[in-house]
Engineer: 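Structure in structure tokens, see below.
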Amino acid sequence: AQKVTQAQTEISVVEKEDVTLDCVYETRDTTYYLFWYKQPPSGELVFLIRRNSFDEQNEISGRYSWNFQKSTSSFNFTITASQVVDSAVYFCALSDDGGSNYKLTFGKGTLLTVNP
Amino acid sequence: DTEVTQTPKHLVMGMTNKKSLKCEQHMGHRAMYWYKQKAKKPPELMFVYSYEKLSINESVPSRFSPECPNSSLLNLHLHALQPEDSALYLCASSPGQGPYEQYFGPGTRLTVT
């Protein structure tokens with residue numbers, strides 16, 4: 001069975017600090033996909049990244065970067081020089097075909113608050 | 001255009017009412033989803049439509065009835081709801097039913113009185 005653990009329930013930082021959101025996953029499949037979504041207070045989930053299990057290259061998009069490590073089953077997300085607009089709940093999610101029809105399994109989310 | 005629209009934004013209904021939630025996408029996606037999200041929890045999958053056919057029903061009570069009139073539209077018909085059904089209802093779409101990114105709408109915040 002799939003499982004996604006986001007151990008950090010809430011994180012509070014001051015603007016311009018770097019912050020890393022942790023995500024640890026469990027799956028029996030060798031082919032799987034990992035996602036990060038952002039949910040600001042408005043409620044809409046915003047897709048940030050999708051990564052497949054065969055691509056361990058780290059990715060950078062502006063102030064966002066992702067570190068995928070299969071050896072530790074982790075897919076961590078770092079925001080550099082955080083801004084108040086980054087305040088949101090961030091969900092890590094896993095999708096595989098281990099009998100789940102590629103349904104998304106979400107972690108419980110991490111509430112990030114960036115203070116001015 | 002990566003937009004999924006949902007109406008209404010807010011809905012208050014009594015336990016005897018019948019109402020419908022609507023969702024629309026124009027990205028040519030062939031899979032559409034309904035999720036329910038309670039406060040401080042992740043979204044929970046309710047239904048998946050693939051090519052306009054119901055593909056997954058996550059044992060949702062029959063007081064929730066989904067409908068997919070065409071590839072762009074998804075409805076959720078509500079009848080005889082309970083107060084515990086109050087939640088944010090999110091619609092999403094993806095290119096197909098598979099390991100694709102899902103694009104979410106802004107949600108309908110439902111309150112059952």
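Quick note on labels: first sequence line is chain A, next is B, and so on, each numbered from 1.
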Engineer: Please check if B:Tyr89 and B:Met32 belong to a single hydrophobic cluster, counting links between Ile, Leu, Val, Met, Phe, Trp and Tyr side chain heavy atoms closer than 4.5 Å.
Structural biologist: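 As far as the 4.5 Å side-chain criterion goes, B:Met32 and B:Tyr89 are connected within one cluster.
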
Engineer: Could you tell me which non-hydrogen atom of B:Pro42 sits nearest to which non-hydrogen atom of A:Gly107, and how far apart they are?
Structural biologist: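 B:Pro42 and A:Gly107 have their closest heavy atoms at CB-O, 3.3 Å.
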
Engineer: Would you check if A:Leu45 and B:Leu90 make a side-chain contact, meaning some heavy-atom pair closer than 4.5 Å?
Structural biologist: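 Yes, at least one pair of side-chain atoms sits under 4.5 Å.
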
Engineer: Answer yes or no: does atom NZ of A:Lys16 have more than 12 heavy-atom neighbours from other residues, nucleotides or ligands under 6.0 Å?
Structural biologist: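 No, the 6.0 Å shell around NZ holds no more than 12 heavy atoms from other groups.
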
Engineer: Provide the closest heavy-atom pair for B:Pro99 versus A:Phe35 in the form atom of the first, atom of the second, distance.
Structural biologist: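 Answer, listing the atom of B:Pro99 first, then A:Phe35: O-CZ, 3.9 Å.
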
Engineer: Counting neighbours of NZ on A:Lys108 that are heavy atoms of other residues, nucleotides or ligands and sit closer than 6.0 Å, is the number greater than 12?
Structural biologist: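 Open: at most 12 neighbouring heavy atoms sit under 6.0 Å from NZ of A:Lys108.
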
Engineer: Might you confirm whether atom CD of B:Glu84 has over 12 heavy atoms from other residues, nucleotides or ligands at distances under 6.0 Å?
Structural biologist: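 Buried by this count: over 12 neighbours within 6.0 Å.
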
Engineer: About how many Å separate CD of B:Gln97 and OH of A:Tyr102, when rounded to the nearest 0.5 Å?
Structural biologist: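 Reported to 0.5 Å precision, the distance equals 10.5 Å.
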
Engineer: Once rounded to the nearest 0.5 Å, what's the spacing between atom CZ of A:Phe106 and atom NZ of B:Lys41?
Structural biologist: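 Those atoms lie 15.0 Å apart.
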
Engineer: Check each atom of B:Gln6 against the heavy atoms of chain A and say whether the ones under 4.5 Å are side chain, backbone, both or neither.
Structural biologist: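 For B:Gln6, there is no contact with chain A at all, as no heavy atom is under 4.5 Å.
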
Engineer: Identify the heavy atoms of A:Gly43 and B:Leu88 that sit nearest to each other, and give their distance.
Structural biologist: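 Residues A:Gly43 and B:Leu88, closest heavy atoms: O-CD2, 3.9 Å.
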
Engineer: Linking I/L/V/M/F/W/Y whenever their side-chain heavy atoms sit closer than 4.5 Å, directly or via other members, would A:Trp66 and A:Ile11 fall into one cluster?
Structural biologist: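 The answer is yes; both residues are in one hydrophobic cluster.
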
Engineer: What distance separates B:Lys40 NZ from A:Thr9 OG1, expressed to the nearest 0.5 Å?
Structural biologist: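 Here the interatomic distance stands at 10.5 Å.
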
Engineer: To the closest 0.5 Å, what do you measure between CZ (A:Phe47) and OH (B:Tyr100)?
Structural biologist: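 So the CZ of A:Phe47 and the OH of B:Tyr100 are separated by 13.5 Å.
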
Engineer: Identify the two heavy atoms, one from B:Phe104 and one from A:Glu44, that lie closest to each other, and give their separation to 0.1 Å.
Structural biologist: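 Taking B:Phe104 first and A:Glu44 second, the nearest heavy atoms are O-OE2, 3.3 Å.
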
Engineer: If I measure from the heavy atoms of chain A, does B:Glu44 come under 4.5 Å with its side chain, its backbone, both, or neither?
Structural biologist: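 Neither part; nothing is under 4.5 Å.
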
Engineer: What part of B:Tyr35 gets within 4.5 angstrom of chain A, counting heavy atoms only: side chain, backbone, both, or neither?
Structural biologist: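 Only the side chain of B:Tyr35 comes within 4.5 Å of chain A.
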
Engineer: With no hydrogens and no angle check, is any side-chain donor or acceptor of A:Arg50 less than 3.5 Å from a backbone partner on B:Gln102?
Structural biologist: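 Side chain of A:Arg50 to backbone of B:Gln102: no pair is present.
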
Engineer: State yes or no: do A:Leu111 and A:Phe91 share one hydrophobic cluster built from I, L, V, M, F, W and Y residues joined by side-chain heavy-atom distances below 4.5 Å, directly or via other members?
Structural biologist: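 Linked, A:Leu111 and A:Phe91 end up in one cluster.
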
Engineer: Look at B:Ser55, B:Gly105, B:Ala92 and state which one has the largest set of heavy-atom pairs under 4.5 Å with chain A.
Structural biologist: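 Between B:Ser55, B:Gly105, B:Ala92, the count favours B:Gly105.
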
Engineer: Quick check on the hydrophobic clustering: are A:Leu104 and B:Leu45 connected, directly or via other members, by side-chain heavy-atom contacts under 4.5 Å?
Structural biologist: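 Yes; B:Leu45 is reachable from A:Leu104 via cluster members.
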
Engineer: Should B:Tyr33 and B:Met27 be counted in the same cluster of Ile, Leu, Val, Met, Phe, Trp and Tyr side chains packed under 4.5 Å apart?
Structural biologist: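 As far as the 4.5 Å side-chain criterion goes, B:Met27 and B:Tyr33 are connected within one cluster.
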
Engineer: More than 12 heavy atoms of other residues, nucleotides or ligands under 6.0 Å from CZ of A:Arg51: is that the case?
Structural biologist: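 More than 12 heavy atoms, drawn from other residues, nucleotides or ligands, come within 6.0 Å of this atom.
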
Engineer: Side chain, backbone, both or neither: which part of A:Tyr32 has an atom under 4.5 Å from a heavy atom of chain B?
Structural biologist: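 Interface part for A:Tyr32: neither.
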
